[in-house]
Q: 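This is the structure I have questions about; it appears just below.
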Amino acid sequence: MNEIMNRRSTRKFLDKAVEPEKVERILRAAMQSPTGRNAQDWEFLVVTDAEKRVAASQASPYSVCAKNAPMLIIPLANMERTQGDDLLWTCDLGAATQTILIQTEAEGLGATWLACWPYADRMACIRTAFDLPEHIIPYAIIPIGYKERIKPFEDRYDPEKVHWERY
């Protein structure tokens, strides 16, 4: 559980490229995530171009850190692979995004989860910046890189939030 326990949101990165083999391992891990009805309705946009990272950083006031990360992964939902109008795809993309964060930690890198969905303005920004077709929904922006600093462990376990057998 070291990767899970040690993972912290990273918004400041060293100016050092992420090796292609690490990127591939992160994406392979993401595609091993659970998916409802085995829809595998995810796709992933990898962004290293500086101008494109700046464009992604303008999606919201919280995404400014994207411009200084050496790379971004943008999880995308392919609505042509989803099952009707249900929102099960949001679970699939959430699981894949969390897996990316954990594998990023395992690779000795840092990352943070910047939500796009369900915010129309953020999705529109990413859709425009990357010429996404209508059936592709940008779910999140994940800036990834070598951490500028290591954040200390913070134990978030709270027994008050655990209920046994009844609420």
Side-chain angles (χ1 to χ4, degrees), residues 1-11 13-14 16-53 55-57 59-60 62-63 65-120 122-147:
M1 286 185 24
N2 286 343
E3 285 81 17
I4 294 170
M5 300 304 267
N6 291 331
R7 190 211 64 78
R8 296 288 169 274
S9 292
T10 301
R11 291 179 178 83
F13 304 94
L14 299 176
K16 179 181 177 182
V18 177
E19 298 85 345
E21 60 273 13
K22 290 186 177 190
V23 177
E24 182 177 332
R25 285 193 297 263
I26 291 166
L27 293 168
R28 283 180 172 275
M31 292 182 201
Q32 289 301 124
S33 299
T35 174
R37 299 184 197 118
N38 198 28
Q40 299 180 33
D41 42 16
W42 49 58
E43 296 184 22
F44 304 91
L45 180 60
V46 179
V47 181
T48 57
D49 178 78
E51 287 182 25
K52 292 291 188 180
R53 288 182 284 128
S57 76
S60 83
Y62 308 103
S63 60
C65 62
K67 68 181 174 186
N68 296 320
M71 68 168 285
L72 311 173
I73 294 178
I74 301 176
L76 307 167
N78 185 329
M79 300 309 285
E80 291 179 349
R81 291 194 199 129
T82 62
Q83 304 290 323
D85 292 335
D86 70 31
L87 291 175
L88 192 56
W89 66 268
T90 64
C91 299
D92 298 348
L93 272 287
T97 299
Q98 179 67 11
T99 300
I100 288 170
L101 297 176
I102 293 169
Q103 186 63 35
T104 296
E105 182 68 31
E107 298 294 338
L109 302 166
T112 194
W113 179 336
L114 305 170
C116 283
W117 184 88
Y119 304 101
R122 297 177 191 185
M123 291 187 295
C125 177
I126 298 303
R127 184 176 303 286
T128 300
F130 297 99
D131 295 321
L132 300 179
E134 280 301 311
H135 69 282
I136 300 295
I137 295 177
Y139 181 77
I141 303 165
I142 307 172
I144 298 173
Y146 285 91
K147 303 171 192 176

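As a basis for the values below, the full set of heavy atoms in this structure was taken, side chains included, without hydrogen atoms, waters or symmetry mates.
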Q: List in chain and number order the residues that pass side chain to side chain contact (heavy atoms under 4.5 Å, CB included) with Asn38, two or more places apart in sequence or in another chain; answer none if no residue qualifies.
A: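 Side chain to side chain contact (heavy atoms under 4.5 Å, CB included) list for Asn38, sorted by chain: Thr35, Gln40.
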
Q: Can you pull the ring-ring contact (aromatic ring centres under 6.0 Å, His included) pairs that have at least one residue in residues 68-101, sequence neighbours excluded?
A: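 ring-ring contact (aromatic ring centres under 6.0 Å, His included) check on residues 68-101 returns Trp89-Trp117.
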
Q: Tell me, please, which residues at least two apart from Pro133 pass side chain to side chain contact (heavy atoms under 4.5 Å, CB included).
A: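 Side chain to side chain contact (heavy atoms under 4.5 Å, CB included) check on Pro133 returns His135, Ile136.
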
Q: Looking at Arg28 and Glu24, does any basic side-chain N land under 4.0 Å from a carboxylate oxygen?
A: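 Looking at Arg28 and Glu24, the cut-off is met.
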
Q: State which residues pass side-chain hydrogen bond (donor to acceptor under 3.5 Å, both in side chains) with Lys147; sequence neighbours excluded, sorted by chain then number.
A: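 Partners of Lys147 under the side-chain hydrogen bond (donor to acceptor under 3.5 Å, both in side chains) test: Glu105.
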
Q: Roughly how far, to the nearest 0.5 Å, is the CG atom of Asp92 from the OH atom of Tyr139?
A: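 One gets 9.5 Å once the value is rounded to the nearest 0.5 Å.
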
Q: Kindly write out the residues that satisfy side-chain hydrogen bond (donor to acceptor under 3.5 Å, both in side chains) with Thr82, not counting sequence neighbours, or none if the list is empty.
A: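 Per chain and number, Thr82 pairs via side-chain hydrogen bond (donor to acceptor under 3.5 Å, both in side chains) with no residue.
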
Q: What's the spacing between Leu101 CG and Ile26 CD1 if we round to 0.5 Å?
A: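 Here the rounded value is 9.5 Å.
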
Q: Under the rule for side-chain hydrogen bond (donor to acceptor under 3.5 Å, both in side chains), what residues qualify as partners of Asp49, not counting sequence neighbours?
A: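 Partners of Asp49 by the side-chain hydrogen bond (donor to acceptor under 3.5 Å, both in side chains) criterion come out as none, since no residue qualifies.
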
Q: Among residues at least two apart in sequence or on other chains, which ones pass side chain to side chain contact (heavy atoms under 4.5 Å, CB included) with Arg25?
A: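 Side chain to side chain contact (heavy atoms under 4.5 Å, CB included) check on Arg25 returns Glu21, Lys22, Gln103, Glu107.
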
Q: Can you sort out the partners of Thr99 under side-chain hydrogen bond (donor to acceptor under 3.5 Å, both in side chains), two or more places apart, ordered by chain and number?
A: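 Only Ser33 meet the side-chain hydrogen bond (donor to acceptor under 3.5 Å, both in side chains) criterion with Thr99.
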
Q: Just distance, no hydrogens or angles: give the donor-acceptor pairs under 3.5 Å from side chains in residues 66-79, sequence neighbours left out.
A:
| residue | atom | partner | partner atom | Å |
| --- | --- | --- | --- | --- |
| Asn78 | OD1 | Glu80 | N | 2.9 |
| Asn78 | ND2 | Glu43 | OE2 | 2.7 |

Q: Under the side chain to side chain contact (heavy atoms under 4.5 Å, CB included) test, which residues partner Ala129, sequence neighbours left out?
A: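 In terms of side chain to side chain contact (heavy atoms under 4.5 Å, CB included), with neighbours along the sequence ignored, Ala129 is linked to Ala55.
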
